[in-house]
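Below: one structure, written as structure tokens.
Hydrogens, waters and symmetry mates are skipped; everything else that's a heavy atom, side chains included, is used.
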Amino acid sequence: MTLEPLRLEDGYVQVTEVTRCAGEASLVTVRNKKRHGYSYEITLKFKGDWRGVKDVEGTLVIPEASYNDLDDLKVEVDLSSADSIEASEKAVFCQELRSFLDPIRDKLQTFEEELKAR
């Protein structure tokens, strides 16, 4: 599954790669009913342009994505190539990047629905 580029107020960002997806998934049958579960740590690389700065890169880390617990999803932002962005502006940019949570949550919800269908 892919994520569409995210339009920001002053630019755009696109996830370019899933660099890590570690954790566990389970399928347990209890009284002839299937119960699904997963717990993953996901790391995504991103690249984009923001306020005239080209090729801003970094990673989005979702420390815990768990089955049926997507409302509490959190994302950590690490900027690797934002030397030309001032420190005060980095906080604003990181806050805007947190809007990636909604499309990520939607993709994980689709994943959960696919698990239930099995």
Show me, pair by pair, the donor-acceptor contacts under 3.5 angstrom made by side chains of residues 16-23, not counting sequence neighbours?
residue, atom, partner, partner atom, Å
T16, OG1, K45, O, 3.4
T19, OG1, T43, O, 3.2

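- Of all non-hydrogen atoms in N32 and T29, the two that sit nearest each other are CA-CG2, 3.9 Å.
- From E96, atom CD reaches atom CZ of R51 across 6.0 Å, with rounding to the nearest 0.5 Å.
- Using a 4.5 Å heavy-atom threshold, the side chains of V13 and K47 count as separate.
- Residue H36 comes nearest to L115 through the heavy atom pair NE2-O, 2.7 Å, listed as atom of the first residue, atom of the second, then distance.
- The shortest non-hydrogen separation linking L108 to A65 is CD1-CB, 3.9 Å.
- The aromatic rings of F111 and Y40 lie tilted to each other, with the angle between the two planes from 30° to 60°.
- Side chains of V75 and F100 form no contact here, defined as non-hydrogen atoms less than 4.5 Å apart.
- Expressed to the nearest 0.5 Å, how far CD of E9 lies from CZ of F93 amounts to 13.0 Å.
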Requested in this report: Start with the C-alpha gap between S80 and T59, add the side-chain angles, then the distance that decides, and say whether side-chain contact (heavy atoms from CB on, under 4.5 Å) holds.
Outcome: CA-CA 8 Å; S80 58; T59 57; over 6 Å; no
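- Within the structure, side-chain hydrogen bond (donor to acceptor under 3.5 Å, both in side chains) contacts touching residues 64-78 (residues at least two apart or in different chains) are E64-S66.
- Taking hydrophobic clusters as Ile, Leu, Val, Met, Phe, Trp and Tyr residues chained together by side-chain heavy-atom distances below 4.5 Å, V61 does not share a cluster with I104.
- By the rule that hydrophobic residues join a cluster once side-chain heavy atoms approach within less than 4.5 Å of another member, I62 and L70 end up as members of one cluster.
- The CG atom of L3 sits 11.5 Å away from the CG atom of D102 when rounded to the nearest 0.5 Å.
- Taken from NZ in K107 to CZ in R105, the straight-line distance is 14.5 Å, to the nearest 0.5 Å.
- Taking the side chain as every heavy atom from C-beta outward, V92 and W50 approach each other to under 4.5 Å.
- Residues P103 and S99 approach most closely at CD-O, 3.4 Å, considering heavy atoms.
- A donor-acceptor contact shorter than 3.5 Å links the side chain of D49 to the backbone of D55.
- For E24, the CD atom counts as loosely surrounded, since its 6.0 Å shell holds 12 or fewer non-hydrogen atoms of other residues, nucleotides or ligands.
- With a 4.5 Å cut-off on side-chain heavy atoms, V77 and L60 count as touching.
- In this structure, the side chains of L27 and R35 stay at 4.5 Å or more apart for every pair of heavy atoms.
- With hydrophobic clusters built from ILVMFWY side chains whose heavy atoms lie under 4.5 angstrom apart, Y38 shares a cluster with L101.
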